[in-house]
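Working notes for the structure below.
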There are 2 protein chains.
Amino acid sequence: MRLLLVEDDEILGDGLVAGLKMEGYAVDWLTNGKLADEALKINSYELIVLDLNLPDMDGMDILRALRARKDETPVMVLTAKDTVPDRVLGLDSGADDFVIKPFELDEVCARLRALARRNEGRSVPHIEHKGIILEPASHQITYHGEKVELSQKEFEILSFLMSNIGRVVSRARLEESLYSWNSDIESNTVEVHIHYLRKKLEPSLIRTVRGVGYIIDNDDDA
Amino acid sequence: MRLLLVEDDEILGDGLVAGLKMEGYAVDWLTNGKLADEALKINSYELIVLDLNLPDMDGMDILRALRARKDETPVMVLTAKDTVPDRVLGLDSGADDFVIKPFELDEVCARLRALARRNEGRSVPHIEHKGIILEPASHQITYHGEKVELSQKEFEILSFLMSNIGRVVSRARLEESLYSWNSDIESNTVEVHIHYLRKKLEPSLIRTVRGVGYIIDNDDDA
DNA sequence: TTTAATTTTAATGCGTTGTTAATTAAGGAT
DNA sequence: ATCCTTAATTAACAACGCATTAAAATTAAA
């Protein structure tokens with residue numbers, strides 16, 4: 001699950017990154033407001049953690065710009081107690097949650113889980129297709145009524161494919177959804193995980209579109 | 001997917017072309033602003049990557065002229081950090097995204113994908129004609145209800161012809177859509193693929209217009 | 001620390017695909 | 001009718017993309 005952290009404080013940022021990675025997030029950490037603004041135009045994060053107090057650009061501007069682009073990604077705002085204008089705490093700010101510094105890492109994580117859950121809950125209760133039931137909330141898969149144990153990466157790949165049923169998903173796009181920008185995957189990791197998925201489920205479930213990507217088809221034949 | 005790169009720096013351009021081709025784009029590279037302006041009046045691209053700092057013509061003028069012609073092609077602008085007038089960063093410039101030099105090739109590619117995605121997301125209509133159903137999203141062809149397996153090049157050629165039903169498409173134009181300008185195809189590749197298409201579908205489907213090109217006719221006779 | 005599980009890397013093999021090139025057929029022009 | 005040009009057909013070959021496997025590296029768990 002991809003997460004963007006915008007935090008200029010080195011020490012705090014470092015700790016957050018470590019903690020969030022431990023929670024299983026693929027974290028991109030930016031210390032620069034303008035870069036963050038740019039990064040968000042790519043729009044491929046599931047969560048954003050945003051410090052309002054940045055040196056080069058007001059965090060609120062980033063948030064405003066984000067919402068102006070109709071980007072609904074859940075945003076958690078970090079602020080120091082005395083720098084929060086009251087209006088910010090209102091609903092119109094566009095943020096989904098606030099944490100006041102100093103805070104406990106555990107609390108942030110719990111709130112993030114809640115955010116993610118709430119966000120999934122709206123749009124994707126569970127996806128069902130060809131005998132597969134995928135429940136994002138519990139992170140579990142059922143295939144023809146039987147539980148199937150998937151590793152994290154396998155789950156993420158399947159999720160991505162299943163939320164794009166009928167559309168070809170390029171390998172690059174899959175990689176984007178699994179990793180953060182700068183992490184270089186120069187090998188065939190995705191292929192390998194696809195292979196494991198086919199093994200655990202049905203080989204014909206995921207169709208290869210040579211030179212293009214992978215797809216889970218709509219139709220019932222294969 | 002055709003992409004126009006306008007970049008005067010030889011070294012940078014060379015690298016970009018290589019990288020973009022690797023991503024599967026058919027890249028046309030122009031180092032000259034005026035030529036680019038002309039090219040954009042004639043050709044149509046799915047993406048444009050534009051360096052603002054050109055020797056003979058301001059990149060912004062190209063962009064302005066493009067938008068003045070109601071051309072909505074997504075444009076990614078490349079700029080050096082200190083040469084970006086602030087106004088350029090505003091929404092009114094007409095660009096869809098910016099990248100500040102120096103940049104990572106990976107980032108540019110990721111952003112381009114995002115641009116293309118945003119742009120195409122609206123409508124991916126399937127084309128239907130004479131019993132053939134072509135679905136770009138799933139990359140599949142049906143002929144009289146039966147699935148037909150096509151290779152990538154075959155698929156691309158058929159796509160191009162089917163989105164130009166009733167119009168003759170010259171071989172040069174087909175080659176352009178499959179390859180970039182300067183990539184040399186000195187043989188009859190297109191003919192060969194046309195041949196395979198006719199074999200897999202109906203020989204009479206694609207009519208040869210001698211000395212001109214190929215066409216899929218409107219009418220029901222052949 | 002040891003063990004197990006997960007993830008990544010790397011190497012291999014195979015089938016598909018794109019391209020080339022040579023030959024045959026067809027269409028126009030003289 | 002013949003010649004010349006253009007297109008169709010076929011086969012051969014090289015290159016590529018993907019699947020698969022095993023092993024290494026990393027991470028989590030005991």
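Letters A, B, ... are given to chains in the order of the sequence lines, protein chains preceding strands, and every chain is numbered from 1.
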Of the listed nucleotides ([options]), which one gets closest to any side-chain atom of [X]?
X: B:Y214; options: D:dT10, C:dT8, D:dA7; value: D:dA7
X: B:T189; options: D:dA8, D:dT9, C:dT20; value: C:dT20
X: B:H193; options: C:dT8, C:dG18, C:dG15; value: C:dG18
X: A:N188; options: D:dA19, C:dT8, C:dA21; value: D:dA19
X: B:E191; options: C:dT8, D:dA7, D:dT10; value: D:dA7
X: B:Y196; options: D:dT10, D:dC18, C:dT9; value: D:dT10
X: B:K199; options: D:dT10, C:dG18, C:dT9; value: D:dT10

[X] side chain vs [Y] backbone, donor-acceptor pair below 3.5 Å:
X: A:H193; Y: A:F155; answer: no
X: A:N188; Y: A:E191; answer: no
X: A:W29; Y: A:E7; answer: yes
X: A:D28; Y: A:L4; answer: no
X: A:R167; Y: B:S138; answer: no
X: B:K200; Y: B:E149; answer: yes
X: B:R198; Y: B:I206; answer: yes

Is B:R171 side chain donor-acceptor paired with the D:dT6 base, going by distance under 3.5 Å alone?
->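 Counting by modelled atom types and ignoring angles, no donor-acceptor contact under 3.5 Å is found here.
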When you measure from the side-chain N and O atoms of [X] to the phosphate of [N], is any distance below 4.0 Å, counting only OP1 and OP2?
X: B:R210; N: C:dG28; answer: no
X: A:Y179; N: C:dT8; answer: yes
X: A:T208; N: D:dG17; answer: no

Given atom [atom1] of [X] and atom [atom2] of [N], what is their separation to the nearest angstrom?
X: A:H195; N: C:dT8; atom1: NE2; atom2: C1'; result: 15 Å
X: A:L174; N: D:dC18; atom1: CG; atom2: P; result: 12 Å
X: B:I157; N: D:dA7; atom1: CD1; atom2: P; result: 14 Å
X: B:I194; N: C:dA25; atom1: CD1; atom2: C1'; result: 18 Å
X: A:L197; N: C:dT6; atom1: CG; atom2: P; result: 13 Å
X: A:K21; N: D:dT27; atom1: NZ; atom2: P; result: 9 Å
X: A:E175; N: C:dT8; atom1: CD; atom2: C1'; result: 12 Å
X: B:I215; N: D:dA7; atom1: CD1; atom2: P; result: 15 Å

Contact class for B:F155 (heavy atom, under 4.0 Å): base, sugar-phosphate, or nothing?
->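 The answer is nothing, as B:F155 stays clear of every strand by at least 4.0 Å.
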Please list residues of residues 147-154 of chain A whose heavy atoms come under 4.0 Å from any atom in DNA chain D, ordered by number; otherwise none.
->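 The stretch gives none, as no residue of it lies under 4.0 Å from the strand.
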SB check A:E176 A:R173 (cutoff 4.0 Å) |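 Here A:E176 does not pair with A:R173 in a salt bridge, since their nearest N and O are not under 4.0 Å apart.
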Short N-O contact, B:E175 and B:R171, less than 4.0 angstrom |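 No salt bridge links B:E175 with B:R171.
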Inter-residue atom distance A:T73.OG1 - A:R2.CZ, 0.5 Å rounding |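 One gets 11.0 Å once the value is rounded to the nearest 0.5 Å.
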In degrees, rounded to 10°, what is the bend between the two ends of the helix from C:dT1-D:dA30 to C:dT30-D:dA1, using five pairs at each?
->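 Overall, the helix from C:dT1-D:dA30 to C:dT30-D:dA1 bends by 30° from one end axis to the other.
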